[in-house]
Amino acid sequence: MPKVQVAVVAPSLAILGGQAVQAHRLLDAWRGSADVDAWLVPVNPVPPAGLRFTRRIKYLRTIVNELTYLPLLVRELARADVVHVFSASYSSFLLAPLPAILVARALGRPIVLNYRSGEAPDHLKHSAVARGVIARVDRNVVPSRFLRDVFASFGIDATIIPNIVDVDRFRFRLRDPLRPRLLSTRNFEDLYNVGCTLRAFRLIQQSRPDASLTLVGAGQGDTELRRLARELDLQHVTFTGRVDPAEIADLYASHDIYIQSPNIDNMPTSVLEAYASGLPVVSTDAGGVPAILTHGIHGLLAPVDDHRRLASHVLALLGDAALARRLAVGGRDACGSYTWSSVRDAWLRVYRSVLADAARAPIVLGRHARP
């Protein structure tokens, strides 16, 4: 059987975030495969040399990006059998997935839409365009039960294929003793509510003055979060800025507890990385987080924006070595569902099935056209 040629439309690693990381892992996993040739079609292509200065200018960079992106789509999707489109929500949906879907449809290529945003409930409720487009792609794939249920509430079918964690790179280690060295790797955007993590850390530090917190990330909230850390008079807080994904495993290895406090979320890769590294996880119960983290089995959950409960959970871990050990082992055991060997065949079935469906259906344009 010939290899399936798959164009993966997604952010490159120049954009810090879960979509780029998961696309990168997927492409790495398919490299050398006897079944699939996959390549990246970046939604953020590098503009021509004479226009690179526009990346520093709001709005103008969007215009130049689209003018660079659209011809790239036409060229790259034309040589694909299947177009695998990563998707977020709101304006990002209009600027990146939607053009890819339209070009793929014009070329007669089957489309696998890989929607990944925890903002799906609001996005689909308020965007008739998104609902209509998503309902008409060849296959919807989502990483979590949470998103599958959201899609179902709008009458849209979706297949679950979870995110991937590289258990060879994120090495599991039990912490004994468990030290108050906390790590968060969420970007500094409103939906991730990193300020709640800082307020929780203030309460933790009142009981454990030796506690430290490392914040890995970047975003529009950077200045405000640094100001909040000063106002709360926090000690031992480190803002690392952006960290290359190739180096992130070392940060997990050098910390003992993972903490996050999103208001909106789907299936955070960061939680899977913490599981694989042996860090007990404390999180708010936003969106799809409870679908991968069962309270008391894989980690500890607090209500959204409840910094007091988050702090209480961290202090409980520090005071109960058996609890911390049990949760770390529970997280490690859950990782088996998120390895490449567990999801590879599911992706291959999706690609082959949409390709077979396209070959049976009469399409006017593209390589799958029939007389």
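This chain uses plain numbering: 1 for the first residue, then up along the sequence.
Atom CE of residue M267 and atom CZ of residue R145 lie 10.5 Å apart, to the nearest 0.5 angstrom. In this structure, NE2 on H255 lies 11.5 Å from CG on D250, to the nearest 0.5 angstrom.
A salt bridge does not link D320 to R326: none of the charged nitrogens lies less than 4.0 Å from a carboxylate oxygen. Using a 4.0 Å cut-off between charged side-chain N and carboxylate O, R186 and D265 make a salt bridge. Salt bridge R308/D306: absent, no basic N to carboxylate O contact under 4.0 Å. A salt bridge links R344 with D35: the closest approach of a Lys/Arg side-chain nitrogen to an acidic carboxylate oxygen falls below 4.0 angstrom. Between D28 and R31, at least one side-chain N (NZ, or NE/NH1/NH2) sits under 4.0 Å from a carboxylate O, which counts as a salt bridge. The pair R181-D256 does not count as a salt bridge, with every side-chain nitrogen at least 4.0 angstrom from each carboxylate oxygen. Using a 4.0 Å cut-off between charged side-chain N and carboxylate O, D122 and K125 make no salt bridge.
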Decide yes or no on side chain to side chain contact (heavy atoms under 4.5 Å, CB included) for L300 and L317, but give the supporting numbers first.
CA-CA 9 Å; L300 298 175; L317 290 173; 4.0 Å; yes
What verdict does the side chain to side chain contact (heavy atoms under 4.5 Å, CB included) test give for T185 and Y252, after you've listed the backbone C-alpha separation in whole Å, the side-chain angles of each residue and the deciding distance to 0.1 Å?
CA-CA 9 Å; T185 61; Y252 284 95; 3.2 Å; yes
Begin from the C-alpha positions of D357 and R352 and carry the test salt bridge (Lys or Arg N to Asp or Glu O under 4.0 Å) through to its verdict.
CA-CA 9 Å; D357 290 345; R352 286 179 173 168; over 6 Å; no
Would you please test S261 and Y192 for side-chain hydrogen bond (donor to acceptor under 3.5 Å, both in side chains) and show each step?
CA-CA 6 Å; S261 48; Y192 297 129; over 6 Å; no
Begin with the C-alpha distance, continue with both residues' side-chain angles, and end with the deciding distance and a verdict on salt bridge (Lys or Arg N to Asp or Glu O under 4.0 Å) for R171 and E273.
CA-CA 9 Å; R171 296 288 186 171; E273 292 169 346; over 6 Å; no
Is there a side chain to side chain contact (heavy atoms under 4.5 Å, CB included) between V150 and V142? Walk through the geometry before answering.
CA-CA 10 Å; V150 171; V142 296; over 6 Å; no
Criterion side chain to side chain contact (heavy atoms under 4.5 Å, CB included) on R139 and I111, from CA distance to verdict
CA-CA 7 Å; R139 186 70 58 85; I111 303 156; over 6 Å; no
Determine, stepwise, if the pair D345 / R349 fulfils salt bridge (Lys or Arg N to Asp or Glu O under 4.0 Å).
CA-CA 6 Å; D345 288 348; R349 283 193 298 272; 5.0 Å; no
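The neighbour count for R173 CZ, taken as heavy atoms of other residues, nucleotides or ligands under 6.0 Å away, is above 12. Atom CG of D168 has more than 12 neighbouring heavy atoms from other residues, nucleotides or ligands inside a 6.0 Å radius.
Contact detail for V304 and P262: the closest heavy-atom pair is CG2-O, 4.1 Å. Contact detail for V8 and A38: the closest heavy-atom pair is CG2-CB, 4.3 Å. A130 and L124 make their closest contact through CB-CD2, 4.2 Å (heavy atoms, listed as atom of the first residue, atom of the second, distance). Considering all non-hydrogen atoms of both residues, A100 and V85 come closest at CB-CG2, 4.1 Å. The shortest heavy-atom contact between L94 and P99 is O-CD, 3.2 Å. What you find for H123 and S89 is that their closest heavy atoms are ND1-CB, 3.4 Å.
Between F188 and F239, the ring-plane angle classifies as perpendicular under the 30° and 60° cut-offs. Relative orientation of the Y115 and F151 rings is perpendicular, given thresholds of 30° and 60° on the angle between their planes.
Checking V83, V133, D138 one by one against R105, the side chain to side chain contact (heavy atoms under 4.5 Å, CB included) holds for a single residue, D138. Tested against V6, the residues L27, V36, L26 include a single side chain to side chain contact (heavy atoms under 4.5 Å, CB included) partner, V36. Partner of Y338 under the side chain to side chain contact (heavy atoms under 4.5 Å, CB included) criterion, out of I164, I292, V271, V343: I292 alone.
There is a side-chain donor-acceptor pair under 3.5 Å between S12 and N44. A donor and an acceptor atom, one from each side chain of T238 and T214, are nowhere located under 3.5 Å apart. No hydrogens or angles considered: nothing links the side chains of H126 and Y90 as a donor-acceptor pair under 3.5 Å. Under 3.5 Å, the side chains of N193 and D305 contain a donor-acceptor pair of N or O atoms. Defined by atom type and a distance below 3.5 Å, a donor-acceptor pair is missing between the side-chain atoms of S184 and Q260.
H298 places none of its side-chain heavy atoms less than 4.5 Å from the side chain of V281. With contacts defined as side-chain heavy-atom distances shorter than 4.5 Å, the pair V9/Y69 qualifies. Within the 4.5 Å cutoff, no side-chain heavy atoms of H307 are placed close to those of F201. Proximity of L228 to L232: side-chain heavy atoms (C-beta onward) are separated by under 4.5 Å at one or more points. Using a 4.5 Å heavy-atom threshold, the side chains of R109 and Q5 count as separate. Put simply, the side chain of H236 reaches to within 4.5 Å of the side chain of Q205, judged on heavy atoms. By the 4.5 Å heavy-atom criterion applied to side chains, N65 and L95 are not counted as neighbours. Here the side chains of V112 and V354 are in contact, with some heavy-atom distance below 4.5 Å.
W340 has its ring centre less than 6.0 Å from the ring centre of W30.
In this structure, L40 is not a member of the same hydrophobic cluster as V46, with clusters built from ILVMFWY side-chain heavy atoms closer than 4.5 Å. In terms of hydrophobic clustering, with Ile, Leu, Val, Met, Phe, Trp and Tyr side chains grouped at heavy-atom distances under 4.5 Å, I257 and L183 are assigned to different clusters.
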